[in-house]
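In the text below, chain A, chain B and the rest are named by the order of the sequence lines, each starting its count at 1. What you are looking at is a predicted structure, and each value in this text was computed from that prediction instead of being measured.
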Amino acid sequence: MITPSEAIALQKRLRRSVSRRWDGRPVRLVGAADVHFPGRGRSRAALVIMTFPGLETVESIAADSPTAFPYIPGLLSFREIPPILEAWKRLERIPDLLLCDGHGTAHPRGLGFASHLGLVLDLPTIGCAKSHLFGAFEEPGPERADRSPVRDRSGRTIGSVLRTRAGVRPVFVSTGHRIDLRTAVRFVLACSPRHRIPIPLRLAHQSAGRI
DNA sequence: GCGACAG
DNA sequence: ATCTTGTCGC
């Protein structure tokens, strides 16, 4: 199995291939991926495919596999991508866009889980994390859609702290692959009409957790 | 050296 | 992520 130092070297190599360009193709199917760890060295990945903008489920699958990599901050993709690929094999509908539970380019080496998965699947991906990992930011306003930039040490914007619902903690949105931040924020808001977490991700989370 | 640290 | 139900608060 790959070692942490090898994983870091791979991230530095792969980051150059990440794109922040949105091709503008219409999004009719939005997907979401999430992974749970029940214990005993097992992983359970869930994929949910929904129509967009209607957000009606058209496919939901889950797949179990052995856990082959530990959780190490900054190396999440090496733990979660293998289980997701196992589920991906059985997927019948390929989404036009995939929401991921974690950061994209708002990462120490610019290659978070969402970006890595986007490269592997060659699909537009968005990172939507529930908490902070990397970068400086200010608390956004209290209303839905209020946001503030997340910046790296050079001051470059690498993500957005977005309030998806008034009065709740914001989520951290960043580009995964083949999308720009503005568009990513637009899709996250469109997928979060009433809850903090985008509906596709909520469902994937439930699917992965349910036995 | 010290603190931070997605899920 | 996981151990875990009801309950406090807007």
Presence of [X] side-chain N/O under 4.0 Å of [N] phosphate oxygens OP1/OP2:
| X | N | answer |
| --- | --- | --- |
| A/S131 | B/dG7 | yes |
| A/H132 | B/dA4 | no |
| A/K130 | B/dA6 | no |

Nearest whole Å is fine: how far is [N] [atom2] from [X] [atom1]?
| X | N | atom1 | atom2 | result |
| --- | --- | --- | --- | --- |
| A/D101 | B/dA6 | CG | P | 12 Å |
| A/R44 | C/dT2 | CZ | P | 12 Å |
| A/R109 | B/dA6 | CZ | C1' | 12 Å |
| A/F37 | C/dC3 | CZ | C1' | 17 Å |
| A/I84 | C/dA1 | CD1 | P | 13 Å |
| A/F78 | B/dA6 | CZ | P | 16 Å |
| A/F113 | B/dC5 | CZ | P | 20 Å |
| A/L111 | B/dA6 | CG | C1' | 13 Å |

| said: Given B/dG7, B/dC5, C/dA1, identify the nucleotide with an atom nearest to the side chain of A/H205. | reply: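 My answer, after comparing the listed nucleotides, is C/dA1.
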| query | Given B/dA6, B/dG7, C/dA1, which nucleotide is nearest the side-chain atoms of A/R79? | reply |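 When the side chain of A/R79 is considered, B/dG7 is the closest of B/dA6, B/dG7, C/dA1.
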| message | Just verifying a value: how many Å separate A/T51 OG1 and A/R93 CZ, rounded to the nearest 0.5 Å? | response |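 Interatomic distance, A/T51 OG1 to A/R93 CZ, rounded to 0.5 Å: 9.5 Å.
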| said: Nearest 0.5 angstrom please: A/L181 CG to A/I158 CD1, how far? | reply: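 Interatomic distance, A/L181 CG to A/I158 CD1, rounded to 0.5 Å: 10.0 Å.
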| Pi stacking test for A/Y71 and B/dG7: under 5.5 Å apart, planes under 30° |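 So A/Y71 counts as stacking on the base.
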| query | Would you call the rings of A/F69 and A/F78 parallel, tilted or perpendicular, where under 30° means parallel and over 60° means perpendicular? | reply |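 If you compare the ring of A/F69 with that of A/F78, the planes turn out tilted.
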| request: Describe, in one word, how the ring planes of A/H132 and A/F172 are oriented to each other, choosing from parallel (under 30°), tilted (30 to 60°) and perpendicular (over 60°). | output: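 Tilted, since the angle between the ring planes falls between 30° and 60°.
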| message | Just to be sure I understand the rule, does A/G74 reach a base, reach only the sugar-phosphate, or reach nothing, if contact means heavy atoms closer than 4.0 Å? | response |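 Base contact.
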| task | Identify whether any heavy atom of A/H103 sits under 4.0 Å from a base atom; if not, whether one sits that close to sugar-phosphate; answer base, sugar-phosphate or nothing. | result |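 Base, at least one base atom sits under 4.0 Å.
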| query | Between the side chains of A/T105 and A/T175, is a donor N or O closer than 3.5 angstrom to an acceptor N or O? | reply |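 Yes.
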